[in-house]
Every structure is written in structure tokens, then in C-alpha cells.
Amino acid sequence: MSEPRSLHFIEEIVEADKASNKWGGRVHTRFPPEPNGYLHIGHAKSIVLNSTLARRYGGKFNLRFDDTNPAKEEQEYVDSIIDDVKWLGGDFEDRLFYASDYFGRMYEWAEALVQKGKAYVCDLNAEQMREYRGTLTEPGKNSPFRDRSPAENLDLFRRMKQGEFAPGSKTLRAKIDMASGNINLRDPVMYRIVKEHHHRQGDAWCIYPSYDWAHGLEDSLEQITHSICTLEFENHRPLYDWFLKELGIYHPQQIEFAKLQLNYTVLSKRNLLFLVKEKYVSGWDDPRMPTIRGMRRRGYTSEALRAFCEDIGVTKNDTVIDILRLENAVRDHLNATAPRRMAVVSPLKVVVTNWPAGQVEHVEVQNNPEDEKAGVRQVPFSGELFIERDDFMEDPPKKFFRLAPGREVRLRGAYFIKCESVVKDASGAITELRCTYDPATKGGNAADGRKVKGTIHWVSAAHAVDAEIRLFDRLFSAEFPGKAHEDKPGVERPFLLDLNPTSLEVAKGKVEPALAGEKEGARFQFERLGYFCVDKDSKPGALVFNRTVALKDAWAKEQAADEKPAAAPKAAAPAAPPAKKAEAPAGPAAEIEFTDFTKIALKAGKVLAAEKVEKADKLLKLSVDLGEGAPRTIVSGIAEAFAPESLVGRNVVVVTNLKPRALKGIESRGMILASGSGKGLSLINPGDVPPGTDVK
RNA sequence: UGGGGCGUCGUCUAAGGGUAGGACAUCAGACUUUGACUCUGAGUAUCGUGGUUCGAAUCCACGCGCCCCAGCCA
């Protein structure tokens, strides 16, 4: 649609090299992961960069495991990485390599440097070495072992390899310059003694090469032309070059680019590992994780990921990409390719009172308006339907286009219906809508040409299939997780404080029957809701769908905008929502945004019963009388502060106009107001007033 | 008081002496049997100060700001 994208700086280097025939016209790149964790979206950028460079310039791309540290590496990671790289379209053909396969040659080269007087065995321990290294502003001192003869060094180095010395007692170091301004050049370690089992080499080695020593050799052996790495290795390039030059061997060019950073997530292996180990997520493939595995399970396509990686560009600028760009990339691809279906996440029953009893009709609906070839399907229609709760309002604002008492809407592909009456239960909750349909609107067009403002989705009650629908949201509610809590005393992992308490909501929905037999990985657009895929937990008769990403929602945006000015006059906030939370981090409290406070309805309530919630040590399930006829069930994260018995009979303040929310499978209809946090929590007391009293 | 790198709309990213362009986001509108998609329009940017030049985001000088480096991790 626009002009061809201009070249990024690495492509310019490659083109210049091709033009000058620097590498004999070859382009050969590689992706060199350490198998110590799962791949994440940041790795995707590197994989896409390296592999497309090779493809675009007629070159080759290698996958190489940089497995030089047996203490951290595992076969499980190797397997997952291979699978993810392939899935992303990184085509390494038969070029799957392991640094550990080069250990023999690396060792020989090390001996050569020893003999040349460019490397020596050092007996300093880690702490001493640190002292000798100096600081950023002061030069280091030469090791007392720096001047050992080549013969002595060779002997000691061989004995290191034999396993004669204890781990940590000796290292082989390059003899460069202890006074260099670049600390990496202050006699860096080439080999350390490690007595651990290696996932491929077993116990064959007890000395292992360091990254700086090994990496250039690996690239050299594989005849890599452009060795692309991230910015933090820029300081290491002089060392990369030094080793290859001293050895006089094939010498690739190292080029550094800025790694991907994304807001509203964490991308460090350390933090991701922690989330998995401590069960904040269900595993590496939790759909909320920024891992390739997680995103795959969530329903992201590899095309979308590649498009995203291409779209964000390649530079040396240290930047943070807005996660909206990622979400945009999937929507883009799925909009073009995903078949449409109808599904109701939060069902509200509609009885069509003038529909002939027992009659079932099939209406024809397009599978994908973006793709004629996707064809059409027949969807059953009957006198009892489910529509989305959000698509009905008893007392709607002017701009609400959907169903309301006396209003008419179109049921997508079927008929116009008009809401005649609303049925409620004893507590005042809406249980059913009674509507009439207009037989002259079959297919969605009125014979008399009248228009309706809204079209909503629906399923036929008798034909709908139950499904668990997992609604994922961002894992973190702060743009830079942990940033606001960095200096708080006693906070070990600040990013945990920004975990989004509603990153997973599980809905019991109703989906159209065409979805019944779908298998893991199948992707759809649920009309007006978003893109969904069948989860691996899905079984015949027990469908499970993951929401990949919601559709853009102008109505939701408008509502949010309407609420803002009230509390935040200076809404000059940056692009992303600030998501400022109220001060109570426990449980549902964190769900309310500061800006919403002018709209919440507070009522006094009396606790009738309280009990602990299984498998949730912070949650209590309360039954609260709010003067509504029937008590409400409210789940509250106050178990650490209050024993259940102590709450019975107590007066509390309840936020009553929240969307019901499932917590550990219990639907919570409201929120108890508390202040403080953790065990220092105290409940707000409305005073001695009858349940149902408004609280100001 | 060390070494290395980077500064262009809100966010990414082009332009490498000659009209500061694009994408995402935002706002306004059109279209709509998805408040989606699509389309139209709008606003907002060259870190600062000097200098060279007819002309500087681009070249020079001096500042300023941010990132990385003191693992026997990668």
C-alpha cells in the first residue's frame, strides 16, 4: 500500500558487503540461544532478523546452542527451542549445531594461545580476581600469576582439563591489558573448572569455555558472515576481535542491535522463570506469558509474530515497543484469516414470545466477510436464545445502540427483535428478556426499509454448546512492571506488585453448535468479541477457548472516556492507560481504577456467613445481606486479616455495581471495602445502619 | 575522574546538505448485518547552544540527557 520499506542498518551493511564482495557474496547468520529457558518474544525478533536476512539475501541461517554452562542447561529447553524456532519459520535446514561439539577444537586453540604467551593459568579465586580487576574508573593490577612461562601454563592447563584441580581454584585467562578502560579486556577468563553433568557431553569435560572465548570461535567454525547480537555485547566486540585475530582464523563481523523491550510485560529469563516456578502462571506455555510457547497457546500466529518483528524495525536505539503493536499484528492477520462464529460469554436468556412454539429455523451466515471464499454456514435459530449481558441495558445512555426496553436490534443474520419486558429474580437481578421478533426482517433486513442502530450476536438456547472461555488480559497492569516499587523497603520482587489480578477470567459461555467438534489450535473470531482459539485443555463435550485478543471496542472506549474527566481532569496521560490502582492490593480491590471512584455505588451490608475458599489462602466467601431480598455472594481477599467467624454479623461497606466476577470458580457479586494491606487490613464500617443503606 | 553506545511526533521508525515521510496511538468524520474491518481528514517531532552553508535532523564544536560494562553467566 505504501512504498517499499527502506533498509535497516544491518541490511545496509549486508548489501554493502555483497556489493564489495567482502564475504565472497555470502550471507550466513545464526541464532545462538543458551538452552537455559524458553524462548520469548524478544528472541523472536532476533530469529526473524537473522533468518530473514539469510532468506532475503540468498544466504544461510544456523541454529546453534551456546551450551557452554552445564550448570544451567537442560535438554527440555533444547527441544522447546528447536520447536519454537521452526514454528516461527526460522529455517535452519540441517544446520543444527551445538557449541559443545566444538569443545575439542576450542581447547586446541586455547593451547595455541598459551604457547604463544597470550594466555595463562591464574590461581586467583573469584573474590581476588574481582579485587585485581579494579573498578570502572581505576585500572586493575596484574595477577601475580600473569608471568608464568608458557611451559608451566601448558602443564597447568592440561592438568585443569584432567580434573586435577577443584572448581574455582584456577582459571585460564587471556593476557591482554589490566589497565584497559574496557573491563572486558582486563585479562578475561577463557576457561573455568566446572564439575557438572553436561546435557550432551556428560562428564567428558571439567573445564568449560566462557562466552567471550567461545562465541567467536563458534561463529568462525560455522563460517558466519554477520554475527548479530544485542547492544550489551558491544563492549565485548574488542574481545571477540582480539581472540580471532590472535588465532589468525576466519573472522566474522559482529553487529549489535537493540533488543526488543515491551511494556506491560517482563522479558527477563530470571523473572519469567520465577513466575513459572512460583506458580504465578500455569507454566511456560501459560497463554499470558510472553514466551513463544505461551503466545502460541494463546492463539498468536507465527505470521503475526513475524509481521510484528518486521514492523518494529531494527536500530540501535534503546526503545520500548507498545504492546498494542503486537496486539495489532495478530488482529491484522486473524481478521483476514479467522472464520467467524457466534459465542456468548455472559449469557442472558431471551424468549421470543411470538415465535411459533418448537419451531427451529436455520439462518445463513457468512463465515468471513473479509474472505468470500470462506463461504457460509447455517446457524439454528429458535424461540429461546442467549445474548450477551452487556448487550442489554435497562436504563441505557443515548449512545447505547444495543437492546433496551422498547428498543429494537438486529440479531446478526437472523431477525430484528424488540424488547417488550424484563424478568428479574428476587434480588433484582435480570434473569430473562421477553422480546418479539419481526418475521418481515428475516436475514436481517426489514421489508419496510427501517433501520436499527445495533446488531448483536446470539446463540439458540436449545442448540448452543457449553464452553469454558478463558479471557486473558495483560499479565501486568503497570506499563513498566515493578518500576514504581523499586525502592520500597522489603520488596524483593517489585514486579509482582504489578501483576494484573484480572489477567485471567474464566467464563462459562454458550457457543454455536458449529464449534462443537473443533480441535486444539483452531482459531476463530467470535463476532463482536475477539479472536479465540481452542485450548489444549479442550475435550469433546468440554470445549475450552482462549481469547487471543479482543476486538477493538469503540463503545468501551467511549465509556472509559466518559468516566475519566470526573476524577482526572488532567488526562494528558501517555498513550497507554495508566491503570492507577486504589491503595488496597488484596483481592478484588485492585480491580477498581482510581478514576472510577465517582461512579461506584456503596451500600451498607451485613455479613450473614463466611467461609474459607479452597485452594486460595487469601480469599473468603461471604454471604452478605444488602437489603435486596436475597443475600449476595461476595468473595473477598481478606482471609489473612480476618477469621471467617469474626465477620459474621458484622456491618461492612460493599461496592454493589461491579460486574460479577469469578474467583476460584465462585461468582462474586460485589466487593468489600477495606483499607490498609495484607494483615494490617481493616474493614470500613458503615455504622449501625440497616443493610441496603447508601453509603456516601 | 574510565570505556562503549544512543538521542526525530505520545510510541516506534524513515529522510545521510534541498518540502521532516510512514506505522501504531489520539481526535473528528464516512461506511457498516461485527460500535470490527475499510476509507477520509486533523493535530503533534529533529535534546540544547553556537558554528559552517544560499540552505543543517543531516557536517563541525561545546554542552545536556538516557542506556550498557567491575560473573569463573550468556
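Per chain, numbering begins at 1; letters A, B, ... match sequence-line order.
For A61(B), the paired nucleotide is U49(B), the pair qualifying as Watson-Crick or G-U wobble because both relevant distances are below 3.5 Å. As the counterpart of A14(B), no nucleotide is assigned, since no Watson-Crick or G-U wobble pattern has both distances under 3.5 Å. Using Watson-Crick or G-U wobble geometry with both donor-acceptor distances under 3.5 Å, U19(B) finds no partner in any strand shown. Summarising the base pairing, A74(B) is matched to no nucleotide, lacking a Watson-Crick or G-U wobble pair whose two defining distances lie under 3.5 Å. U1(B) is unpaired under the Watson-Crick or G-U wobble criterion, no partner having all donor-acceptor distances under 3.5 Å. For A30(B), the paired nucleotide is U38(B), the pair qualifying as Watson-Crick or G-U wobble because both relevant distances are below 3.5 Å.
Looking at heavy-atom distances under 4.0 Å, T315(A) makes contact with sugar-phosphate atoms alone, never a base. Within 4.0 Å of R130(A), counting heavy atoms only, lie sugar-phosphate atoms of the nucleic acid but no base atom. When heavy atoms are screened at a 4.0 angstrom cut-off, T135(A) is found touching base atoms of the nucleic acid. Residue T171(A) is classed as a base contact, given a heavy-atom separation below 4.0 Å to a base.
Once the 5.5 Å centre distance and the 30° plane angle are applied, the aromatic ring of Y211(A) is found not to be stacked with the base of A74(B).
For U13(B), the OP1/OP2 oxygens have a side-chain nitrogen or oxygen of N317(A) closer than 4.0 Å. In this structure, K451(A) does not reach the U32(B) phosphate: none of its side-chain N or O atoms is under 4.0 Å from OP1 or OP2.
Between D101(A) and R200(A), at least one side-chain N (NZ, or NE/NH1/NH2) sits under 4.0 Å from a carboxylate O, which counts as a salt bridge. Salt-bridge check for R528(A) with E388(A): failed, with every basic side-chain N at 4.0 Å or more from each acidic carboxylate O.
In this model, no donor atom of one side chain and acceptor atom of the other lie less than 3.5 Å apart for Y38(A) and D84(A).
The cationic group of R474(A) lies under 6.0 Å from the six-membered ring centre of Y264(A) and within 45° of the ring axis, placing it in a cation-pi geometry.
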